[in-house]
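First the structure, in the form of structure tokens, and then the observations on it.
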Amino acid sequence: MDQLRAEREATPEQGWQSLGRRNALLPRVALLLTLALLPLGIIAVAQTQRAVDTARDTYRASLSAQTSRLAQPEREAIQSAQGITRGLADALVVMGPTDALCTDLMRYSSSRNDRVVFLGFVDNERRSQCNNFGNSYDFSEVESLRNAMQRGTFTISFNASGGASRKPVVIVQQPVFNEQGVFKGFVNLSVLTEDLVAQRRADRMSEDAVLVTFNDAGQVLTADRPTGQIDAFLPADTSLVDLVGGGKQLFTEETKTGALREFAVVPIIEGKAYALGSWNPARPQMRDRAFSTLTLLFPLLMWLISLVVALVAIRLQVILPVRILGRQMRDFAEGRRVFRSDALDSAPSELREIGETFAIMAQKVIRDEADLENTVHERDVLIKEVHHRVKNNLQLMSSILSMQARAAPSQGTRTALRKVQDRLTSLAAVHRGLYETPMVSQVRVDTLLDDLLRQLATLGGNVSAPLDVDFDLKPVTLVPDQAGPMAMLAAEGFTNALKYGSAGPDGRRIIRVRLFPDPEAPDMVVFEISNFVMAGVDGEIEQGLGLKLIQAFSAQLDGRLVINEEDGDWYVMQVRFRVQEFEPDQHTPRV
């Protein structure tokens, strides 16, 4: 330690002089690397060309990944369109294309995707009465649609003048079959080509490439250049149809104008749509073959000598001391063990200084960790005790309300007190979940809701119609400030479902409860309760206190509340909100 303190207090002149002492690392590395790199410098020029060739091969291999990245807007749009049309095609199996509900479904589906221009059903006569515009269209003159009708399979095509938009569009066509397997027509979805390529124009990397997408018939879907200029960037001897079905491909070929370019092909949807990236070829910076006549014996001998010298030097002066330090650090990380070893006495002074500094730091970390663990333990105990006391107080208030309800003179008063008691019970369950959870800053809401709603289901099952509750609760973790309103919202929604729910055609009441992260936005959570209701009940629900409380809790979550009906008699309440990050200064009391 005295030596370490003396080195820290040394003057700049003494610091420079210390570089010349025997155990300094810098002179050792400088001398040994000079011996190692001198023979390597002799053969460096001869190896330059090989490095250039390797770099060029690596560059060509990267073209596939870059082309795939540039084609991402088309891939996302086409795959999204495929999913939309597939779902609508399944719905049209049982839905008449002339139904008003069909047009509403097309409008709703198109409104969920800003890129959709036209979405509708086209029958065998190439006419559309069910579409997002609500108009009747005749597409009998559209050649691509006629070809798709003949094939009767999922098709992606291009139309320079869309039948509805009158603009260049990419059309995704999903076949529709009836229950007997007879072809009925297509679900057509059109996207403007300019929307698909707009994102690439802001990409600096796209300035070095021209991207062309095409379908399985070799028809160009989108391109970074006008139609009259595409030939200057397409291969002359290989047609687009020849590239279908080959997966990812890389090749170099002359264009139709005689220029040499690199081409990369990546599938957007295998067998249906592909992206062709046309790149300027990489130019090696050095073509000098001055050392091509050198024999292999001398470079091989020099390389062998340099390798032996470098390995011996690095092993003795760096690797062995660093391994010792690494072993000490690993032992400290695994078991907080700190010890001093004499194995570093022969190591360079710089590495010995690192070992001593690490020992001092490790001892300080152990002390600080012990203090921090005590503080955290005291904080957790205090917070859990607060939640426990709040839960007990809420249960006490619930018991008092229960006694008051039993003594109430009228049924209306007893019902009102029972409702307040149920809400206090729900809030007590939230606080119980908070003090029972291992981490006071995070609450597993799916576990909390499962326990809470099952209790409510038990209370709501004492009616003439049997009750079936379908829980689909995915793991979701929230901060306490969100877990409370979420639990109260779920309790109110479930209570409304118990109160206003009716028996279905099979004579049973069914309530479905879902909680899951939004697959399109991982930081969003969706909670949904749906149940069967009889006609005319919606008005009662909208006037009840429960819905007002649900709206208030949804506002606390800063969420979006949507209430609608599905399939005529299904009442669906859905809340979508963003998961908040834990902020200790706002959620945790200071200890």
Side-chain angles (χ1 to χ4, degrees), residues 80 83-84 87-88 91 101 104-114 426 430 443-450 452-454 456-457 460 467-478 481-502 504 509-535 537-580:
S80 175
I84 293 173
L88 293 175
L101 183 60
D104 293 339
L105 181 61
M106 296 298 175
R107 287 175 175 170
Y108 175 78
S109 300
S110 63
S111 66
R112 301 296 297 272
N113 193 323
D114 296 337
S426 302
V430 174
V443 180
R444 278 288 299 272
V445 180
D446 53 308
T447 304
L448 177 63
L449 295 186
D450 184 80
L452 175 61
L453 299 185
R454 289 187 186 277
L456 295 177
L467 174 65
D468 292 334
V469 182
D470 181 13
F471 289 101
D472 185 10
L473 306 176
K474 304 300 181 184
V476 172
T477 302
L478 299 178
D481 281 359
Q482 284 190 306
M486 179 69 254
M488 298 301 296
L489 184 148
E492 291 297 333
F494 195 82
T495 301
N496 274 1
L498 291 173
K499 179 179 179 181
Y500 298 105
S502 305
R509 294 186 302 158
I510 300 176
I511 301 177
R512 298 172 183 169
V513 183
R514 300 177 63 204
L515 177 71
F516 57 92
D518 193 334
E520 298 181 357
D523 60 338
M524 303 293 290
V525 172
V526 178
F527 176 73
E528 181 179 286
I529 294 180
S530 57
N531 62 285
F532 186 84
V533 297
M534 297 295 292
V537 180
D538 296 353
E540 299 181 16
I541 298 176
E542 295 176 357
Q543 297 176 3
L545 176 62
L547 181 58
K548 296 180 181 179
L549 292 176
I550 290 173
Q551 293 172 343
F553 293 135
S554 177
Q556 290 185 28
L557 292 170
D558 196 17
R560 180 172 177 265
L561 175 64
V562 178
I563 298 176
N564 54 30
E565 290 189 8
E566 295 181 357
D567 299 331
D569 297 322
W570 275 97
Y571 185 86
V572 181
M573 181 202 75
Q574 185 184 92
V575 180
R576 186 173 184 267
F577 61 94
R578 189 178 304 278
V579 177
Q580 296 179 0

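- Here Ser109 pairs with Ile84, Leu88, Leu105, Leu119 under the side chain to side chain contact (heavy atoms under 4.5 Å, CB included) rule; sequence neighbours left out.
- The line from CZ of Phe494 to CG of Asn531 is 9.5 Å long, rounded to the nearest 0.5 Å.
- Leu452 contributes atom CG, which lies 5.0 Å from atom CG of Leu456 (distance to the nearest 0.5 angstrom).
- To the nearest 0.5 Å, atom CD of residue Glu492 and atom CD of residue Gln551 are 12.0 Å apart.
- Taking all atoms of both residues into account, the shortest heavy-atom contact from Leu467 to Ala457 is CD2-O, 3.8 Å.
- To the nearest 0.5 angstrom, Leu515 atom CG is 10.5 Å from Ile529 atom CD1.
- The side-chain heavy atoms of Gln574 and Val526, taken from C-beta on, include a pair separated by under 4.5 Å.
- Under the 4.5 Å side-chain criterion, counting only non-hydrogen atoms from C-beta, Ile550 is not in contact with Ile563.
- At a threshold of 4.5 Å between non-hydrogen side-chain atoms, the residues Leu557 and Gln482 count as touching.
- Looking only at side-chain heavy atoms (C-beta outward), Phe577 and Val525 come within less than 4.5 Å of each other.
- With sequence neighbours excluded, the residues that form a side-chain hydrogen bond (donor to acceptor under 3.5 Å, both in side chains) with Arg578 are Asp523.
- Shown here are the side-chain hydrogen bond (donor to acceptor under 3.5 Å, both in side chains) partners of Asp518, two or more places apart in sequence or in another chain: Arg576.
- Evaluation of the side chain to side chain contact (heavy atoms under 4.5 Å, CB included) rule for Ala490 yields Leu449, Leu453, Met486, Phe527 as partners, not counting sequence neighbours.
- With sequence neighbours left out, the side-chain hydrogen bond (donor to acceptor under 3.5 Å, both in side chains) criterion links Ser554 to no other residue.
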Can I get a per-line list of side-chain donor-acceptor pairs under 3.5 Å for residues 468-476, giving both atom names and the distance, sequence neighbours left out?
unit_1, atom_1, unit_2, atom_2, d
Asp468, OD1, Arg508, NE, 3.4
Asp468, OD1, Arg508, NH2, 2.8
Asp468, OD2, Arg508, NE, 2.6

